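Hydrogens, waters and symmetry mates play no part in the numbers below; they use all other heavy atoms, side chains included. It should be emphasised that the depicted structure is a prediction, and the values quoted were computed from it without experimental measurement.
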Amino acid sequence: MADSPAASPSRADQAHRTSVVIIGAGPAGLTLANVLHAAGVDCVVLEAESREFIEQRPRAGFIEEWVVHALDRHGLAGGLLERAERQRTFEFRWDGERHVVEPGRFSGQSHFVYPQPLLVTDLVAAYADAARGDIRFGVRDVRPADIDTDRPSVSYTDPETGERHRIDCAYIAGCDGARSVARAAIPADQLRISRLDYGIGWLALLAEAPPSAEGVVFGIHERGFSAHMARTPEVTRYYLECPPGDDPANWPHERIWSELRTRLAATGAQPLTEGRIIEKTVLDMHNYVVEPMGYGRVYLAGESAHLVAPIAAKGMNLAVHDALLLAQALIAACTSGDEQPLARYSDACLGKIWQYQEFSQWLSEVMHGASSGDPFRAGTAAARMRQLLASDAAAAAFGETYLGTATDIAAL
């Protein structure tokens, strides 16, 4: 649909009424909007960026199988099932050798490789185009109000006219990312935010170069972690560990490819196919968790409530998990007046969130211990790697969290 606001009030003192205002049109907000709309619950989505921007914004692309099944049950996985690559193995390159790991060997689960912009495009089309849902792009100065009353509202500025508009609602879903205005509306003394800074950065690269290996390769090296991830037959995603806050300008073409060749070297490995670097940015690795994930009539989902560094590729999966649980709770509240699922929403989400945070921390030590400069950390990281490669029990436990479990599929 067009980027101009849909069905906006003609005067700033007029207010629209809906059941749920969803702030943010990422995977969490769009999944929530689609499920609510299909259940007959009125909702309005407010998004600060344009439709074109959110459909092109570079993001990760690993989707756990339980997420695919859950989306499919809601009719939201058509493009994913048609176009995504199903990935059953990945490779560690460590100590000069190649080690192929099949994390789903015991569970039968796998990853689907489907970049987030493609999923967002599918979800926008399902809600805005197919279902004619109300979504307003490019809105400015979004402000939740009266969130601790039974008549909350959200106001925003129309990007075309400059007028203020207000939407009265029963509930507000904050799905608006790390700088969430929904979270900012909650009194600071009502939230606890736990943080972890890994003290490392990743130089994220896109290269116009055919993949040099099938699937994902993780390089563990004393010079720093590295990764190779096939995106398309012509484009490959690479990562290089670097200092946090590093300037991408410090990484010219020759330095990038020299480090990648060194860190991904292994006996029998195919030589890297070099190409033009078309994207280059530094990501600082850190995590946070917000507790509880709701206050008054505001409920948080996705990165407004938690961030997991891309070390374990969990962020988009957790966002969809939150959205599906919040949708169930809001449907119960809006259709039958049962607010008990909303009261349980935060606790229902946090178990998986903390499980994935712990896994991210564990995997970070495996990936970065060798380059930490600390011989003790390097030694324990090597011990973890040896156990993962030698023990079926360790491999099964790793695969269960890395890929998600069948119980997740049944629950959602």
Side-chain angles (χ1 to χ4, degrees), residues 18 20-33 36 43-50 53-54 57 59-60 116 120 123-124 135-148 152-157 159 166-167 169-197 283-284 286-310 314-327 329-330 342 345-350 352-354 356-357:
T18 193
V20 182
V21 173
I22 301 168
I23 306 175
L30 291 168
T31 299
L32 177 61
L36 291 180
C43 58
V44 176
V45 180
L46 302 179
E47 169 55 48
E49 303 293 349
S50 70
F53 181 87
I54 67 169
R57 176 170 41 192
R59 286 292 187 271
Q116 181 173 312
V120 166
L123 294 173
V124 170
I135 183 166
R136 309 179 188 192
F137 293 101
V139 299
R140 297 288 178 262
D141 193 19
V142 177
R143 300 180 194 172
D146 300 321
I147 64 173
D148 56 353
S153 65
V154 181
S155 62
Y156 67 92
T157 298
R166 188 181 84 244
I167 307 175
C169 56
Y171 304 99
I172 300 168
C175 307
D176 50 336
R179 297 176 178 85
S180 171
V181 298
R183 187 179 69 229
I186 300 174
D189 63 359
Q190 298 299 312
L191 297 176
R192 181 178 68 190
I193 304 179
S194 308
R195 303 181 186 274
L196 171 67
D197 186 347
L283 309 174
D284 291 344
H286 63 278
N287 296 0
Y288 61 77
V289 178
V290 177
E291 299 176 90
M293 291 170 57
Y295 170 81
R297 293 300 184 99
V298 173
Y299 296 89
L300 307 177
E303 289 188 2
S304 65
H306 47 78
L307 178 70
V308 185
K314 294 298 185 185
M316 181 162 53
N317 298 285
L318 281 178
V320 174
H321 179 261
D322 294 348
L324 293 171
L325 289 177
L326 184 54
L330 287 169
L342 281 173
Y345 165 70
S346 182
D347 287 343
C349 291
L350 285 166
K352 180 173 285 295
I353 290 165
W354 279 114
Y356 280 8
Q357 294 284 4

S.K.: Are side-chain heavy atoms of Tyr356 and His306 found at a separation under 4.5 Å?
M.R.: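 A side-chain contact is absent here, since even the closest heavy-atom pair is not under 4.5 Å.
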
S.K.: Within the side chain of Thr18, is there an N or O that forms a donor-acceptor pair under 3.5 Å with the backbone of Cys169?
M.R.: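 The answer is no, because no donor-acceptor pair under 3.5 Å joins these two groups.
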
S.K.: Is any side-chain heavy atom of Ile167 closer than 4.5 Å to one of Leu46?
M.R.: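 Contact flag for Leu46/Ile167 side chains = yes.
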
S.K.: Hey, could you give me the CG/OG1 distance between Leu324 and Thr31, rounded to the nearest 0.5 Å?
M.R.: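 Reported to 0.5 Å precision, the distance equals 6.5 Å.
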
S.K.: Roughly how far, to the nearest 0.5 Å, is CZ of Arg179 from CD of Glu303?
M.R.: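 These two atoms lie 10.0 Å from each other.
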
S.K.: Identify the heavy atoms of Leu30 and Ala25 that sit nearest to each other, and give their distance.
M.R.: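 Distance-wise, the nearest heavy atoms are CD1-O, 3.4 Å.
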
S.K.: Does any N or O in the side chain of Asp322 come within less than 3.5 Å of the main-chain N or O of Gly302, such that one atom is a donor and the other an acceptor?
M.R.: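 Yes.
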
S.K.: Quick check: do Val142 and Asp176 have side-chain heavy atoms less than 4.5 Å from each other?
M.R.: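 Not in contact.
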
S.K.: Are side-chain heavy atoms of Val181 and Arg143 found at a separation under 4.5 Å?
M.R.: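 Counting from C-beta outward, Val181 and Arg143 never come under 4.5 Å.
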
S.K.: Identify the heavy atoms of Tyr288 and Gln357 that sit nearest to each other, and give their distance.
M.R.: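 Nearest heavy atoms, Tyr288 then Gln357: O-NE2, 3.3 Å.
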
S.K.: Side-chain contact test, heavy atoms from C-beta onward, threshold under 4.5 Å: evaluate it for His321 versus Leu325 and give yes or no.
M.R.: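 Answer yes - side chains close enough.
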
S.K.: Please check this pair: side chain of Glu291 against backbone of Asp347, looking for a donor-acceptor N/O pair closer than 3.5 Å.
M.R.: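 Absent.
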
S.K.: State, to 0.1 Å, how close Leu283 and Pro310 come at their nearest heavy-atom pair, and which atoms those are.
M.R.: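 Heavy atoms of Leu283 and Pro310 come nearest at CD1-CG, 4.3 Å.
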
S.K.: Nearest 0.5 Å, what's the CD1-OG distance between Ile23 and Ser304?
M.R.: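 One gets 9.0 Å once the value is rounded to the nearest 0.5 Å.
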
S.K.: Do the rings of Tyr345 and Tyr299 sit parallel, tilted or perpendicular, given the 30° and 60° boundaries?
M.R.: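 Rings of Tyr345 and Tyr299: perpendicular, as their planes differ by over 60°.
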
S.K.: What is the minimum heavy-atom distance between Pro27 and Leu123, and which atoms define it?
M.R.: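 Scanning both residues, the minimum pair turns out to be O-CD1, 4.1 Å.
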
S.K.: Could you check whether any side-chain heavy atom of Met293 comes within less than 4.5 Å of a side-chain heavy atom of Ile353, counting everything from C-beta outward?
M.R.: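 Contact flag for Met293/Ile353 side chains = yes.
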
S.K.: Measuring from Tyr295:OH to Ile147:CD1, what's the distance to the nearest 0.5 Å?
M.R.: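 Going from the OH atom of Tyr295 to the CD1 atom of Ile147 covers 6.0 Å.
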
S.K.: What's the spacing between Arg57 CZ and Gln116 CD if we round to 0.5 Å?
M.R.: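 Arg57 CZ to Gln116 CD: 7.0 Å, rounded to 0.5 Å.
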
S.K.: Give the intermediate values and the outcome of side-chain contact (heavy atoms from CB on, under 4.5 Å) for residues Val44 and Val154.
M.R.: CA-CA 10 Å; Val44 176; Val154 181; over 6 Å; no

S.K.: When rounded to the nearest 0.5 angstrom, what distance separates CD1 in Ile172 from OG in Ser153?
M.R.: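 Answer for the CD1-OG pair, Ile172 versus Ser153, is 6.5 Å.
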
S.K.: For Leu342 and Leu326, what are the C-alpha separation, side-chain angles and deciding distance, and is it a side-chain contact (heavy atoms from CB on, under 4.5 Å)?
M.R.: CA-CA 7 Å; Leu342 281 173; Leu326 184 54; 3.9 Å; yes

S.K.: Is a side-chain donor or acceptor of Asp197 paired with a backbone partner of His286 at a separation under 3.5 angstrom?
M.R.: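 Flag not set: sc Asp197 to bb His286 has no pair under 3.5 Å.
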
S.K.: Can a donor-acceptor pair be found, under 3.5 Å and without considering hydrogens, that links the side chain of Arg140 to the backbone of Ala48?
M.R.: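 Checked: pair present.
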
S.K.: Could you tell me which non-hydrogen atom of Ile22 sits nearest to which non-hydrogen atom of Cys175, and how far apart they are?
M.R.: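 Scanning both residues completely, I find the closest heavy atoms to be CG2-SG, 4.1 Å.
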
S.K.: Taking the side chain as every heavy atom from C-beta outward, state whether Ile186 and Leu300 have any atom pair closer than 4.5 Å.
M.R.: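 Yes, their side chains come closer than 4.5 Å.
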
